[in-house]
Protein chains: 2
Amino acid sequence: MKSGQATIKDIARELNVSTSTVSRALKDYPGISDETKRKVKELADKLHYRPNAVALSLRKSKSFTIGVIIPEVVHFFFSTVISGVEEVAFANGYNVILCQTNEKFSRERSSVETMLSNQIDGVLVSFSRETTNFDHFKKMIDREFPIVFFDRIPDLENTINVTVNDYQGAYNAVKHLIDQGFKKIVHLSGPDNLAISKQRKEGYLDALKDSGIVAKPEWILECPYGTEKESISITTALFKNNENRPDAIFAHHDIVAAGAMMALKSLGLKIPEDVGVVGFSNWQFSSMIDPPLSTVSQPGFQIGETATKILLDLIHKKTNMESISQNIVLDTELLIRKSSVKV
Amino acid sequence: MKSGQATIKDIARELNVSTSTVSRALKDYPGISDETKRKVKELADKLHYRPNAVALSLRKSKSFTIGVIIPEVVHFFFSTVISGVEEVAFANGYNVILCQTNEKFSRERSSVETMLSNQIDGVLVSFSRETTNFDHFKKMIDREFPIVFFDRIPDLENTINVTVNDYQGAYNAVKHLIDQGFKKIVHLSGPDNLAISKQRKEGYLDALKDSGIVAKPEWILECPYGTEKESISITTALFKNNENRPDAIFAHHDIVAAGAMMALKSLGLKIPEDVGVVGFSNWQFSSMIDPPLSTVSQPGFQIGETATKILLDLIHKKTNMESISQNIVLDTELLIRKSSVKV
DNA sequence: TTGTAAGCGTTATCAT
DNA sequence: ATGATAACGCTTACAA
């Protein structure tokens, strides 16, 4: 009893057997008498014995813990990913330790350090908006430390990445706007250094091109922070007193789209009659705003599940960096709601 | 080098000194020559030495890790709490391990087990909707294991709780509706077994009473799941073909309020002209829906910070269960937007 | 069927 | 100024 937890030693002492006997009895090893097993288990129960995972980690050089590094939990997308991760991790006896970087590079570096110190068995990463230097990840990869990137993937060799088809998602969204008769479609884009931003931008541009629409350079407006406020001010500046205003918006994600919608309404413009809007990610609120926002939904939960499965395979050496298809690309789904449908 | 991390032993061997010398040199203990310190640190750097946190945990019976048990990260409120927790934890050299219960009792119990096995130094808990039996927490409390409850607090002795003043928040919200001239105000309430639900209900009832309005029993409708769909169906049933329909809604949280708004709009009712609506929690989307939703905002980040500070004090024995004011109650703020303001 | 002892990485205690 | 050793809780050859 005393202060802390009962240990194998406590049980051994009380029963006048050795610790190895107790250890073996508890895990039903062959060659332990039923009588001993019974007694050990009984006492373990009584003392509320619980194996010390830390001692196990040290002994086995394995912590049964995986780390997850993400920009922010408040992003609906990331919180669904986490759920997927936990699901698979728990089902396989792994714990999850979480670090948010708050989109800060420095925070990302220290998160990596902390996790390595804690002997995690592998890590899932979606890096910060600020990250352009990947040395901290490169080091892990070079040492063959199990690491899987998702959503935001680095420009590095020999990485395993789980993403959605951002290009196709954007392409479909913009194609849909064109099909609805919109012609002057602007893009509120994401931070330039993220691959997802580039992909979505490419999809946007190709959809226009394939429909014979010539995109003007000023149609692409970067919203690096992706906040509602930023979007409101950019959209207002763009549409206010503009004789030749655009007639549709494809936004990098739903918060940006929602901000744009608020700006448009304040300017007295009707959605979708005057301006059509499509977002990206299918946030929780997107179906609840007015008009409901059309958007490209990403399977966040599935991304979490998939990335974690692969990571566990890596950890268990069932696969290795080379043998695996390096990019898992999941499909998006275009959800057509009222914000983009001309009546 | 080899497969894994460099250890203190590796350094000791290479430098022909003992492991204790290396250990002391690395932490600038007195009584080690500057020369030795220099050499040790240099080699440590070169080998990318990183202390093994697991070994430290075992040695010190302390993991510098705290656990957080919450129902779901997708709840905006909980994700802001997590940010507050991480902020304080990291600043004090602690890691955070996270478990979602997905509102399941069984999951909650196993989370507690896992965390204890992993020798966490303390835990922050907001329990699941299903939880009515608190034995798993009671056990921890009896053993004086550091634990702090937040938001959802149990009916137990000797617990430390961090909450917001749900009663006052609800009271103010309903008082505001009354001030706006609404008279038949219904309440879409939360799960009955949560104290927050009771508090909000009490605040609602007292605000009515204090204004001389007699609340009818049928004005309180429970929305145990708190989903948008549930709210839509309950609201629709209530307002459809109802000659004597209510003229305002106070909802247990914003998702429920948003669902109600969608239902009202489908029925052709105007907000706030026909029906006023106030929610709770100030979700991210609440200012972006149409009309913007009035709501009671809870300081989630601050709750996380406060709860974590107290937990660390407990862990460091700077305080104990008895000496502390057992309930920290933070204030809410009523955010008045268009959904509840008659013109 | 059970016990002994070494070892995982680190540090505290006691020597030297 | 440095070294040897034991201990944290557990597992696992190897012995008996």
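Each chain gets a letter, A, B and so on, in the order its sequence line appears, and its residues count up from 1.
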Under-4.0 Å salt bridge between R38(B) and E42(B): yes
I'd like a list of close polar pairs between nucleotides 13-16 of chain C and the protein, N/O only, cut-off under 3.5 Å.
| residue | atom | partner | partner atom | Å |
| --- | --- | --- | --- | --- |
| dT13(C) | O4 | R24(B) | NH1 | 3.4 |

Separation of atom CG in L15(B) from atom P in dT2(D), rounded to whole Å: 11 Å
Lys/Arg-Asp/Glu bridge criterion (N-O < 4.0 Å) met for R107(A), E87(B): yes
Enumerate the protein-to-nucleotides 7-9 of chain D contacts in which both atoms are nitrogen or oxygen and the separation is below 3.5 Å.
| residue | atom | partner | partner atom | Å |
| --- | --- | --- | --- | --- |
| dC8(D) | OP2 | K9(A) | NZ | 2.9 |
| dC8(D) | O2 | R59(B) | N | 3.3 |
| dG9(D) | N2 | A55(A) | O | 3.4 |

Whole angstrom value for the distance that separates P of dT11(C) from CD1 of I32(B): 13 Å
Sugar-phosphate only, base, or nothing, as touched by T36(A) at under 4.0 Å among non-hydrogen atoms: sugar-phosphate
Nearest heavy-atom neighbours spanning S63(A) and I120(A): OG-CA, 3.5 Å
Sugar-phosphate, base or nothing in reach of K62(B), heavy atoms under 4.0 Å: nothing
N/O (side chain, S18(A)) to phosphate O (OP1/OP2, dG3(C)) under 4.0 Å: yes
5′-ward residue of the pair T19(A)/S33(A) relative to DNA chain C: S33(A)
Nearest heavy atoms of S128(B) and T101(B), plus distance in Å: CB-OG1, 3.7 Å
Closest approach of P71(A) to F78(A) (non-hydrogen atoms, all atoms of both residues): CD-CZ, 3.5 Å
Ionic contact status for D10(B) with R13(B), cut-off 4.0 Å: yes
Residues S83(B) and T80(B): side-chain donor-acceptor under 3.5 angstrom: no
Distance, rounded to the nearest Å, where R38(B) contributes CZ and dA1(D) contributes P: 16 Å
Pair T36(A), S33(A): side-chain N/O donor-acceptor within cut-off below 3.5 Å: yes
Mutual orientation of the aromatic rings belonging to F64(A) and Y94(A) [parallel < 30°, tilted 30-60°, perpendicular > 60°]: tilted
Phosphate-side-chain proximity, Y29(A) and dT12(D), N/O vs OP1/OP2 below 4.0 Å: yes
5' priority, DNA chain D, between V17(B) and S23(A) [closest heavy atom]: V17(B)
Gap between atoms CG and C1', on N118(B) and dC10(D) respectively (whole Å): 14 Å
Mutual orientation of the aromatic rings belonging to F137(B) and F127(B) [parallel < 30°, tilted 30-60°, perpendicular > 60°]: tilted
Worked check of side chain to side chain donor-acceptor pair (under 3.5 Å) between N161(B) and T163(B): CA-CA 6 Å; N161(B) 307 313; T163(B) 56; over 6 Å; no
Sugar-phosphate, base or nothing in reach of N16(A), heavy atoms under 4.0 Å: sugar-phosphate
Five-pair end axes of the helix from dT1(C)-dA16(D) to dT16(C)-dA1(D) and the angle they enclose, rounded to 10°: 50°
